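Excluded from the calculations below are hydrogen atoms, water molecules and symmetry mates; all remaining heavy atoms, backbone and side chain alike, are included. Note that this is a predicted model, so its numbers are computed, not measured.
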Amino acid sequence: MPLETRALRFCSSLRLCFCPASCPPQGFTKLKFPFCRMLAALVFTLLCIQSAHGQPCPYGFEYNRNLGQCSDVNECSWPQPCQGEMLCVNRIGGYQCLSSDYYDRPYRRVSPAQPEPSYPDPSDRIPDTFARTPPRAVEPSYPIVNNPALCTLGYALAADGTCNDIDECETNSHHCNPTQVCINTAGGYTCSCTEGYWLIAGQCQDIDECRYGYCQQLCANVAGSYSCSCNPGFLLNPDGRTCQDVDECEEQPCSHGCFNTYGSFMCNCDEGYELASDGTTCIDLDECSFSEFLCQFRCVNTPGSFSCICPPGYYLYEDSRSCEDVNECDTGNNTCTTEQVCFNFQGGYTCLNPLQCQPPYLAVSDNQCMCSAENPACRDLAFTILYRHMDLSSGRSVPADIFQMQATTRYPGAFYIFQIKSGNSGREFYMRQTSNVSATLVLTRPIKGPQVLVLDLEMVTVNNVINFRGSSIIRLTIYVSEHPF
């Protein structure tokens, strides 16, 4: 059997099924029809009751699911919201307790009256719609003001008869916590915290903004706010939060070169300088103190560099470190006369006078003297004296072959003996015979200059066939230089 439906005016989204006049349908013959009414009313009540399901609303409000928003809570409906004879007046988001002297009669809580539902008689046919019962008179839930000319709470009657808003904040009639700020509203006021504070347990407490990384580098929390600062080498931007690198090189802090880095800078120095302990000043490097072998003779430090110098008689070589002898005889930079012979040695020169042979010797060339065998005075003397000159560097390493001596004439059956006849008192030299007709003068000990040594190197000729013995001398003059180069 088909069922008929009726829309309920209390819950617009619900529809409830009822049986037609022939109710109950088959299967319900044993049930009383009043029981159907009670069951319908129970289902209706359960479907219409809805909860907020934990929707977040401010204090003094609760979530209304039908409206989809937060609605004011009537605190005056609570048991004894006010003490003594104080009267409760509900407000949006709260309530106030006022003295009963402001009103004609005492304030009492009135619960909203629920209209009693009317059920159709079981013996009667169910009408198409519920019968609307006349609304019952419900007393208002707010106090009745005695004087109808008075204004509502939060307003004051002006001289022209209008109601003006009372600024509770200005009149200091508010009840805000000392840590809160009063904000006047139409007909009331609200209590709030200033910027930089938040409400915790009814008190406005400072927000530590530094915990949330508001500053890029350094943060200092202050009451109600915060202050950002930057590390050395950075500058706070106009936004008051971020930092930008400072180019310290623009202020030329370095004596030579400057290189900007993130948050700092570095100084560098030109070649020949080193950075001082202050990190900005450049001081000269004394390259001459690095090694005594930097220059061959002497090193002179200069700002940022060095230079090598040579002693008199030398010039600086192309490598700017070595010293080379100046040949004054070739350059003409000498004081020898035309009759003299210029002899150059390391670091200097000497002027040799024309050869003068001592009697009984006779000059046979510009550097040789001879004593004739026919002259009885020459019997025990060397047959010839050959004059030679050489130079030697001071402190020359030993052993060193410095001079060679050789027989120019060979006689059948003859042999030769080479020896140092004079000038070797310090045993600095010895003769090493290299063949039957030659020998080499060897330096065995270093000689320091400047000094001049004269050696008589003798070559003795022996011929046993003809029973002959004679000698020739090379008078070697050695000029030892002052320096080892």
State whether the number of non-hydrogen atoms from other residues, nucleotides or ligands found under 6.0 Å of Met390 atom CE is greater than 12.
->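 Correct, the count exceeds 12.
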SG([X]) to SG([Y]) below 2.5 Å:
| X | Y | value |
| --- | --- | --- |
| Cys204 | Cys193 | yes |
| Cys163 | Cys151 | yes |
| Cys295 | Cys308 | yes |

For the residue pair Phe343 and Tyr479, does the interplanar ring angle fall in the parallel (under 30°), tilted (30 to 60°) or perpendicular (over 60°) class?
->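 Tilted.
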Can you find a side-chain donor-acceptor pair between [X] and [Y] that sits under 3.5 Å?
| X | Y | value |
| --- | --- | --- |
| Gln346 | Asp325 | no |
| Asn184 | Asp165 | yes |
| Ser173 | Thr171 | yes |
| Asn334 | Asn344 | no |
| Asn237 | Thr242 | yes |
| Tyr349 | Thr335 | yes |
| Thr162 | Asp160 | yes |

List the atom pairs, with distances to 0.1 Å, where a side-chain N or O of residues 252-259 and a protein N or O form a donor-acceptor pair under 3.5 Å, not counting sequence neighbours.
residue	atom	partner	partner atom	Å
Ser255	OG	Thr280	O	3.2
Ser255	OG	Cys282	N	2.9
His256	ND1	Asp270	N	3.1

Steps toward side-chain contact (heavy atoms from CB on, under 4.5 Å) verdict (Thr281, Leu275) | CA-CA 6 Å; Thr281 307; Leu275 202 61; over 6 Å; no
Rounded to the nearest 0.5 Å, what's the gap from CG on Asp245 to CZ on Phe234? Could you check?
->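 The CZ atom of Phe234 is 5.5 Å from CG of Asp245, to the nearest 0.5 Å.
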Going by an N to O cut-off under 4.0 Å, is there a salt bridge joining Asp72 and Arg91?
->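 Salt bridge between Asp72 and Arg91, a charged N being under 4.0 Å from a carboxylate O: no.
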